Amino acid sequence: MQSFRTELENPVVEKDIIELERKIYQFKNGTLPEESFRSLRLARGIYGQRQQGVQMVRIKFPLGIVSSAQLRRVADISDEYSNGNLHLTTRQDIQLHHVSLDRTPELWSDLEKDNITIREACGNTVRNITASPLAGADQDEPFDITPFGFALFDFFLRNPIGQELGRKFKIALSSSAKDTARVYLHDLGLIPVVKNSEVGFRVVIAGGLGAQPALAEVVSEFLPANQLLKFGEALLRVFDKFGERNKRHKARLKYLLKEEGLDFVKQQIEHHLQFTQAPELNLDVQFYKADVINSKPVTDATSHYSKWINTNVFAQKQKDYFAVLIKIRNGNLSSIQAKKLADTMEYFSSEPARITIDQNILLRSVSVDLLHELFTELSTYGFADYGAGKIADITSCPGTSTCNLGITSTYNVANVIEKLLYSEFNEFIFEEELEIKISGCMNSCGQHAVADIGFHGSSFNANGNVIPALQLVLGGANLGNGHAAFAEKIIKIPTKRVEQVVRILLRDFKNEKENNEKFYAYYHRKGKNYFYELLKSVADVKAISDDELRDWGSDEKYKTEIGVGECAGVKIDLTKTLLFEAEEKLVEAEYFFLQSKFADAAYTIYSSLIQTAKAYLLTKGIETNSKAQIEQAFEPEYANVAQNIAAKTFGELIEQSHDAGKSASALTIYLASAKQLIENIQKHI
């Protein structure tokens with residue numbers, strides 16, 4: 001492997017990138033176990049894709065905020081390292097595909113020249129922090145949540161407590177009670193509240209999608225804003241200690257809450273608050289002034305420009321300024337389009353744009369006088385479609401195009417439905433608030449579980465053939481203020497019949513809805529069985545055509561090809577691997593010590609002790625599922641390996657981490673004890 005060195009000014013970032021290069025070399029040399037390398041690779045945003053020998057690289061944009069320079073940088077990098085395409089995600093990231101593993105350190109270095117990171121974009125970490133794209137310009141917001149989102153991002157990035165969780169941890173902030181960030185889907189969700197002139201947040205926790213979605217539960221009606229980082233750290237520590245670590249399908253906060261109960265989680269949060277190292281937040285807060293009213297320009301109602309104004313343009317709270325939602329079909333754009341969009345952003349807006357959770361771009365602070373010129377400019381490169389954020393603007397994950405877990409096509413299905421909607425149901429784009437979302441599998445990366453009409457990839461056997469299929473779900477809804485409803489499974493259909501299904505559903509909705517009834521209300525009034533009977537004939541597979549044996553966009557007969565997903569980055573618990581990692585953690589702790597980051601060093605030493613204890617327990621055939629269980633199970637074994645360690649119990653040694661983070665002298669003693677424990681255990685194995 002060719003040696004690579006960065007020329008970055010930030011020594012922390014440079015250390016990260018050089019470490020990645022070193023780990024790639026060790027992995028390819030056979031000196032670094034695959035499980036350990038996978039964990040590190042994922043935590044650096046590098047994810048295996050469906051095609052062998054290449055990687056997907058996920059790039060983080062906190063709160064979805066991207067400048068023209070940054071977008072131009074990513075486009076150039078896509079040309080250099082990828083295939084000239086960019087994919088916007090539902091978590092306000094940008095993904096590049098078909099990247100060589102050897103080139104990822106250099107790619108990362110090039111990104112950092114415009115202050116862009118891939119650190120903790122995947123893996124068992126605190127993922128990208130998402131937010132309402134109108135935050136700071138939203139006419140409904142009580143105050144601007146943007147600085148609080150950045151404070152959370154800055155605090156958790158590279159924070160040791162968030163590097164090796166049981167699985168991923170997601171945070172979202174909405175700008176108002178309308179909950180446009182869908183906080184109910186997150187491990188930590190925040191909605192701004194003002195109480196007696198004090199700013200704070202309504203806090204919900206333990207939401208999530210996946211095969212078994214769960215709505216977040218309210219843990220506080222009012223958390224003072226200055227306590228936000230402390231609360232976030234305490235919650236993460238609870239998940240880190242008690243969260244499942246062996247059974248991948250249960251290693252999320254939602255399962256901990258389900259199994260232990262909300263009261264237990266709240267009690268543990270209160271307990272861990274006394275040990276947090278996070279500072280209080282004292283940020284300037286921008287309040288909304290309610291006397292600003294913006295009106296859209298009057299246009300010819302039949303023109304394309306008028307339709308675009310009506311669906312894609314939104315009044316900001318700043319006088320005479322508008323936000324413009326640019327529809328990015330399936331979240332995909334070429335590097336050429338991205339560069340043109342960067343130029344457009346630079347000319348028409350005075351601030352960075354926002355990637356939205358619906359895979360679009362929101363251009364903000366556009367003067368009313370420039371709207372028509374902007375429309376004309378976007379038209380020249382195909383980005384002036386009306387209906388952004390409406391029914392024909394379909395959210396879809398990559399599906400079988402690149403994802404290991406994809407079962408069926410998504411982009412092609414979305415395009416087929418979109419054409420149907422524009423040709424047969426164009427009035428719905430203006431008259432109805434409906435969402436259609438598609439995922440390539442049940443894991444809901446396309447967020448089908450919260451759509452009015454959702455589909456996820458599936459398959460079934462019929463007449464001796466494996467048929468590509470879509471599972472239909474109906475009735476998802478955002479009910480505001482952290483409340484929501486998940487869509488319910490209705491029926492499974494061959495993928496090639498998706499147009500029939502959408503046509504039947506929308507015609508029935510048009511004919512059967514009452515007054516201005518929304519789809520959610522219509523669905524629940526009619527009931528699940530009504531829709532099953534309505535669509536039963538479409539799902540009948542007694543007769544299958546040759547065309548239905550092929551997925552959308554494919555000329556070959558369908559066959560199920562599902563790989564191993566890496567979203568969780570779960571490692572195989574081998575004794576050798578655990579001890580190897582425990583020793584590396586101590587090296588990392590010494591680095592933090594030299595940087596005078598005593599709290600980070602203390603936590604890293606604590607993690608090393610846990611890894612070491614688990615390695616010992618494995619040699620005894622004792623299995624554990626969480627850090628709390630490791631502490632408990634190792635306690636009776638501790639005396640056997642505690643030679644030359646002052647702490648009388650393992651619990652006492654663990655508790656020393658809290659004081660060790662406060663001074664160099666205490667940290668020195670704690671580090672020496674950890675090194676001694678590893679040495680003792682190695683003698684017993």
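For the numbers below, each heavy atom of this structure counts, side chains included, while hydrogens, waters and symmetry mates do not. Because the structure is predicted, anything quoted here is derived from the model rather than measured.
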Can you tell if the side chain of [X] reaches within under 4.5 Å of the side chain of [Y], non-hydrogen atoms only?
X    : Y    : result
T408 : S458 : no
T180 : S175 : yes
V74  : F61  : yes
K526 : F531 : yes
L71  : L86  : yes
I361 : T356 : no
R354 : L63  : no
F153 : V126 : no

*Can H87 and Y411 be said to form a side chain to side chain contact (heavy atoms under 4.5 Å, CB included), step by step?*
CA-CA 12 Å; H87 177 68; Y411 295 157; 3.1 Å; yes

If I take atom [atom1] from residue [X] and atom [atom2] from residue [Y], how far apart are they, to the nearest 0.5 angstrom?
X    : Y    : atom1 : atom2 : value
I394 : D358 : CD1   : CG    : 12.0 Å
E217 : L253 : CD    : CG    : 10.0 Å
F201 : L188 : CZ    : CG    : 10.0 Å
L185 : T130 : CG    : OG1   : 9.0 Å
L363 : N312 : CG    : CG    : 11.5 Å
L173 : L190 : CG    : CG    : 4.5 Å

*Any luck finding a side-chain donor-acceptor pair between R237 and Q268 under 3.5 Å?*
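On atom types as modelled, these side chains do not qualify, holding no pair under 3.5 Å.
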
*Using only heavy-atom distances, determine whether the side chains of R364 and Q318 contain a donor-acceptor pair under 3.5 Å.*
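Q318 and R364 do not have a side-chain donor-acceptor pair below 3.5 Å.
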
_Residues that D240 engages under salt bridge (charged side-chain N to carboxylate O under 4.0 Å, His left out), provided they are two or more places apart_ =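 Residues passing salt bridge (charged side-chain N to carboxylate O under 4.0 Å, His left out) with D240: R245, K627.
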
Run the salt-bridge test on [X] and [Y] with the 4.0 Å N-O cut-off and return the result as yes or no.
X    : Y    : answer
R41  : E120 : no
E514 : R525 : yes
K327 : E418 : yes
K250 : E259 : yes
E488 : K528 : no
D452 : K437 : no

Using only atom types and a distance under 3.5 Å, with no angle test, would you say the side chain of [X] pairs donor to acceptor with the backbone of [Y]?
X    : Y    : answer
T402 : G399 : no
R252 : R167 : no
S174 : I191 : no
D187 : K170 : yes
T89  : R91  : yes
S132 : L134 : no
E233 : A278 : yes
K390 : L434 : no
K230 : E280 : no
N360 : I328 : yes

*Between L152 and L228, is a side chain to side chain contact (heavy atoms under 4.5 Å, CB included) present by the stated rule, with each step listed?*
CA-CA 8 Å; L152 284 164; L228 180 58; 3.9 Å; yes

*Quick one: sort the H448 and H456 rings into parallel, tilted or perpendicular, breaks at 30° and 60°.*
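Taking H456 first and then H448, their aromatic rings sit tilted (interplane angle of 30° to 60°).
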
*Determine the interplanar angle of the F275 and H272 rings, folded into 0 to 90°, and report it as parallel if under 30°, tilted if 30 to 60°, perpendicular if over 60°.*
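Perpendicular, since the angle between the ring planes exceeds 60°.
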
*asked:* Could you walk me through whether E351 and S365 satisfy the side chain to side chain donor-acceptor pair (under 3.5 Å) test, starting with their C-alpha distance in whole Å, then the side-chain angles of each, then the deciding distance to 0.1 Å, before giving a yes or no?
replied: CA-CA 7 Å; E351 62 170 300; S365 296; 2.5 Å; yes

*Does CG in N115 sit with more than 12 non-hydrogen atoms of other residues, nucleotides or ligands closer than 6.0 Å?*
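For N115, atom CG is not crowded (no more than 12 foreign heavy atoms under 6.0 Å).
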
*asked:* Counting neighbours of NZ on K195 that are heavy atoms of other residues, nucleotides or ligands and sit closer than 6.0 Å, is the number greater than 12?
replied: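 Atom NZ in K195 is not packed in, count stays at 12 or less.
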
*Show the numbers, then the answer: is there a side chain to side chain contact (heavy atoms under 4.5 Å, CB included) between F322 and F314?*
CA-CA 6 Å; F322 290 83; F314 306 90; over 6 Å; no

_Counting the benzene-type ring for Trp, do Y603 and Y606 have ring centres under 6.0 Å apart?_
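Yes: the rings meet the under 6.0 Å criterion.
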
*Is it true that F242 and F264 have ring centroids separated by less than 6.0 Å?*
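Aromatic pair counts; centres sit under 6.0 Å.
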
Heavy-atom closest contact ([X] atom, [Y] atom, distance):
X    : Y    : value
A353 : M345 : CB-CE, 3.6 Å
I436 : L421 : CD1-CD1, 4.0 Å
F155 : N159 : O-ND2, 3.2 Å
L88  : Q359 : O-NE2, 3.2 Å
S439 : G446 : OG-N, 2.9 Å
A414 : N330 : CB-OD1, 3.2 Å

*Would F430 and Y386 satisfy side chain to side chain contact (heavy atoms under 4.5 Å, CB included), going step by step from the backbone distance to the final call?*
CA-CA 10 Å; F430 307 97; Y386 63 84; 3.5 Å; yes

*What do the steps show when you test D16 against R119 for salt bridge (charged side-chain N to carboxylate O under 4.0 Å, His left out), and what is the final call?*
CA-CA 9 Å; D16 260 357; R119 180 71 192 244; 2.7 Å; yes

Under 3.5 Å donor-acceptor pairs involving side-chain atoms of residues 143-150, not counting sequence neighbours:
| from | atom 1 | to | atom 2 | distance (Å) |
| --- | --- | --- | --- | --- |
| D144 | OD1 | G136 | N | 3.2 |
| D144 | OD1 | T146 | N | 3.0 |
| D144 | OD1 | T146 | OG1 | 2.7 |

*asked:* Is the terminal nitrogen or CZ of K513 (NZ for Lys, CZ for Arg) located under 6.0 angstrom from the six-membered ring centre of F509 and within 45° of that ring's axis?
replied: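 Checked: cation-pi criterion met.
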
